[in-house]
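Predicted model only: the values in this text are computed from it and were never measured.
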Protein chains: 2
Amino acid sequence: MATRRPALSRDRIIRAALALIDRDGLDALSMRRLGAELGVDPMAVYYHLPDKAALFDGVVEAVYSEVDVDAAALPGPWPDLLAAYLRRLRTVLRRHPHAVAVIATRPGYTASVLEPADRAVGRLKEEGLTARAAMEITHACRAYTIGFVLAEVGAPLGGPTRAPREAIGSADYPHLVEAMAEGYRPDEQYEAGLRAMLDGFARRQAEIGLTP
Amino acid sequence: MATRRPALSRDRIIRAALALIDRDGLDALSMRRLGAELGVDPMAVYYHLPDKAALFDGVVEAVYSEVDVDAAALPGPWPDLLAAYLRRLRTVLRRHPHAVAVIATRPGYTASVLEPADRAVGRLKEEGLTARAAMEITHACRAYTIGFVLAEVGAPLGGPTRAPREAIGSADYPHLVEAMAEGYRPDEQYEAGLRAMLDGFARRQAEIGLTP
DNA sequence: ACCTGAACACCGTTCAAGT
DNA sequence: ACCTGAACACCGTTCAAGT
């Protein structure tokens with residue numbers, strides 16, 4: 001494919017890596033295949049990035065940068081503000097099923113992740129939360145969102161199971177069958193969980209407000 | 001080490017694999033090192049398991065089997081019942097930091113996972129939930145729990161970052177610094193999020209009960 | 001039935017060398 | 001400054017062979 005090859009750069013390498021992960025899965029991302037994809041000697045990448053861990057960090061950053069909603073600029077009240085941001089995060093994560101596990105495990109301690117997080121906490125303080133509460137609530141809702149997307153679209157880490165999986169529709173699991181009867185509606189389920197968590201936190205905040 | 005070597009078995013292989021992951025990380029689990037650990041030719045494993053994906057599935061099952069709390073036998077009301085089960089799940093997951101990502105991504109569609117899940121839904125029905133609500137609530141709380149543990153102790157997927165990470169205590173992030181001032185108390189944070197989510201669901205259930 | 005060992009097509013990373 | 005290519009110590013999996 002890539003016959004033209006503009007000068008290599010950290011940015012171009014990372015975009016190619018994410019594209020490779022999206023197309024062929026996490027295991028397909030090797031320094032050698034990445035080089036081939038870029039039309040370059042496999043080792044050329046090492047001039048721009050120290051190792052594969054740094055490449056993963058770049059991929060995490062790239063995905064987060066797709067979240068083009070600035071929580072700090074959203075209107076309140078805070079539960080709606082957070083809900084809007086987290087819905088957007090879910091949408092972005094869903095676009096990268098093979099990368100979600102990487103995003104879930106690599107700590108996003110880069111400026112491009114910390115900076116919006118700091119501004120978001122600032123925004124939530126304007127809405128009456130303490131800095132601590134703002135971060136705890138955000139952290140809990142993000143954990144839920146990432147966990148949900150992981151179960152929803154996350155690619156299994158060692159490749160798909162080849163052995164015939166247990167039939168969930170079996171008579172051995174009557175309650176599960178009953179629960180699944182109306183089908184699986186991920187959007188509604190995600191929304192229900194998010195609302196439940198935010199409502200729970202909001203009620204707790206209100207109680208604190210009443211007994212200071 | 002392992003000088004004595006009782007006959008190989010699926011069970012013994014999987015226990016050795018989990019021990020290897022716990023000790024040296026996910027990347028350290030190779031068929032070759034696993035064979036060495038078992039005092040056996042690396043390829044011997046293939047007689048008992050079809051491939052590495054099956055090995056991962058076994059590891060997931062082994063970890064889940066450490067959750068020795070039977071949700072179906074717990075006393076109600078349902079939010080307390082679920083909270084007890086999920087606290088126990090978090091405790092077990094925390095013991096296997098390098099395996100959490102595997103557990104989070106591999107669908108646990110084996111009998112040993114489905115069977116307790118089915119009984120748990122049955123138990124929640126006794127507490128007045130529909131099968132569907134029981135599964136949705138359980139699913140949401142599990143997503144939160146796994147997401148939380150992943151952020152808490154989950155090992156980064158491509159190995160640790162070597163480059164100097166951004167100092168979170170920097171003056172560039174005043175709100176984050178303020179939020180972290182009192183330290184990070186994971187147990188309390190986890191509990192707060194779990195209670196918030198369960199309270200939110202419980203309130204919603206109560207409303208439905210009032211307007212049938 | 002259960003395990004061995006050679007072989008194949010891959011890996012990440014280092015390092016001296018090229019331009 | 002930026003890229004190449006050989007080399008090293010690894011991978012997962014297949015398959016014929018051993019006991």
Side-chain angles (χ1 to χ4, degrees), chain A residues 2-18 20-21 23-59 98 101-102 105-106 155-163, chain B residues 2-18 20-21 23-59 98 101-102 105-106 155-163:
Chain A
T3 47
R4 246 170 49 92
R5 18 173 162 155
L8 226 44
S9 68
R10 198 192 107 100
D11 206 68
R12 211 164 80 82
I13 292 170
I14 284 163
R15 283 209 310 276
L18 181 54
L20 195 48
I21 291 173
R23 174 153 44 85
D24 296 332
L26 198 57
D27 291 339
L29 176 63
S30 72
M31 298 308 247
R32 289 166 142 96
R33 285 194 55 172
L34 185 56
E37 208 75 17
L38 290 160
V40 104
D41 184 284
M43 302 305 111
V45 170
Y46 283 95
Y47 182 79
H48 300 271
L49 290 161
D51 52 23
K52 212 183 171 186
L55 183 61
F56 276 131
D57 284 337
V59 167
H98 297 279
V102 178
T105 55
R106 297 204 74 85
L157 220 49
T161 304
R162 239 162 25 198
Chain B
T3 47
R4 249 171 46 93
R5 15 175 162 155
L8 226 48
S9 69
R10 198 192 107 101
D11 207 68
R12 211 164 80 82
I13 291 169
I14 285 162
R15 283 209 309 276
L18 180 54
L20 196 48
I21 291 173
R23 173 152 45 85
D24 297 333
L26 198 58
D27 292 338
L29 176 63
S30 73
M31 300 307 248
R32 290 167 141 94
R33 287 194 54 172
L34 185 55
E37 208 74 18
L38 290 160
V40 106
D41 184 284
M43 301 305 112
V45 171
Y46 283 96
Y47 182 79
H48 300 270
L49 290 159
D51 52 22
K52 210 183 172 186
L55 184 61
F56 276 131
D57 284 337
V59 167
H98 297 278
V102 177
T105 55
R106 297 204 75 84
L157 221 50
T161 304
R162 240 165 19 202

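As rounded to whole Å, 16 Å separates atom P of C/dC2 from atom CG of B/Leu38. Protein atom CZ of B/Arg10 is 17 Å distant from nucleotide atom C1' of C/dC2, rounded to whole Å. The CD1-C1' distance, from A/Ile13 to D/dC3, rounds to 11 Å in whole Å. For the pair B/Met31 CE and D/dT13 C1', the interatomic distance rounds to 9 Å; values are reported in whole Å. As a whole-Å value, the separation of A/Leu34 CG from C/dC11 P is 11 Å. Rounded to an integer number of Å, the gap from B/Asp27 CG to D/dG12 P is 11 Å.
Of the candidate nucleotides D/dC8, D/dT4, D/dT13, D/dC8 has the atom nearest to the side chain of A/Arg32. Among C/dT4, C/dC11, D/dG5, the nucleotide with an atom closest to any side-chain atom of B/Asp41 is C/dT4. For B/Asp51, taking side-chain heavy atoms from C-beta onward, the closest of the listed nucleotides D/dT13, C/dG12, D/dG12 is D/dT13. Across D/dC3, C/dT14, D/dG12, the shortest atom-to-atom separation from the side chain of A/Leu8 is found for D/dC3. Minimum atom distance to the side chain of A/Ser30 is reached by C/dG12, of the listed D/dT4, C/dG12, D/dC11. Here D/dC11 is the nucleotide among C/dT13, D/dC11, D/dT4 with the atom lying nearest to any side-chain atom of B/Arg33.
Looking at A/Lys52, its side chain never comes within 3.5 Å of a backbone N or O of B/Gly159 through a donor-acceptor pair.
Within the 4.5 Å cutoff, the side chain of A/Asp11 has heavy atoms near those of the A/Arg15 side chain. You'll find the side chain of B/Phe56 stays beyond 4.5 Å of the side chain of B/Thr105, heavy atoms only.
C/dG5 is paired with D/dC15 under the criterion used here, namely a Watson-Crick or G-U wobble arrangement in which both key atom distances are under 3.5 Å. Both distances falling under 3.5 Å, in either a Watson-Crick or a G-U wobble arrangement, occur for no nucleotide opposite C/dC10.
Here B/Tyr46 reaches the OP1 or OP2 of D/dT13: one of its side-chain N or O atoms lies under 4.0 Å away. Distances shorter than 4.0 Å separate none of the side-chain N or O atoms of B/Tyr47 from OP1 or OP2 on C/dC3. Contact between the side-chain N/O atoms of A/His48 and the OP1/OP2 oxygens of D/dA1 is not found at any separation under 4.0 Å.
Mapping B/Met43 and A/Val45 onto DNA chain D via the closest heavy atom, the residue that lands nearer the 5' end is A/Val45.
Interatomic distance, CG of B/Leu18 versus CD1 of B/Ile13, reported as 14.0 Å (0.5 Å rounding).
Contact between B/Pro156 and A/Arg106 at its shortest, heavy atoms only, is CB-NH1, 3.8 Å. In terms of heavy atoms, A/Ala53 sits closest to B/Pro160 at CB-O, 3.7 Å. In terms of heavy-atom proximity, A/Ala155 sits nearest to A/His98 at CB-ND1, 3.3 Å. Residues A/Leu157 and A/Ala101 share a closest heavy-atom pair of CD1-CB, 3.9 Å.
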Nucleotides 16-19 of chain C: which of its N/O atoms have a protein N/O under 3.5 Å away?
none

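At a threshold of 4.0 angstrom between heavy atoms, the contacts of A/Leu29 are confined to the sugar-phosphate backbone, with no base atom among them.
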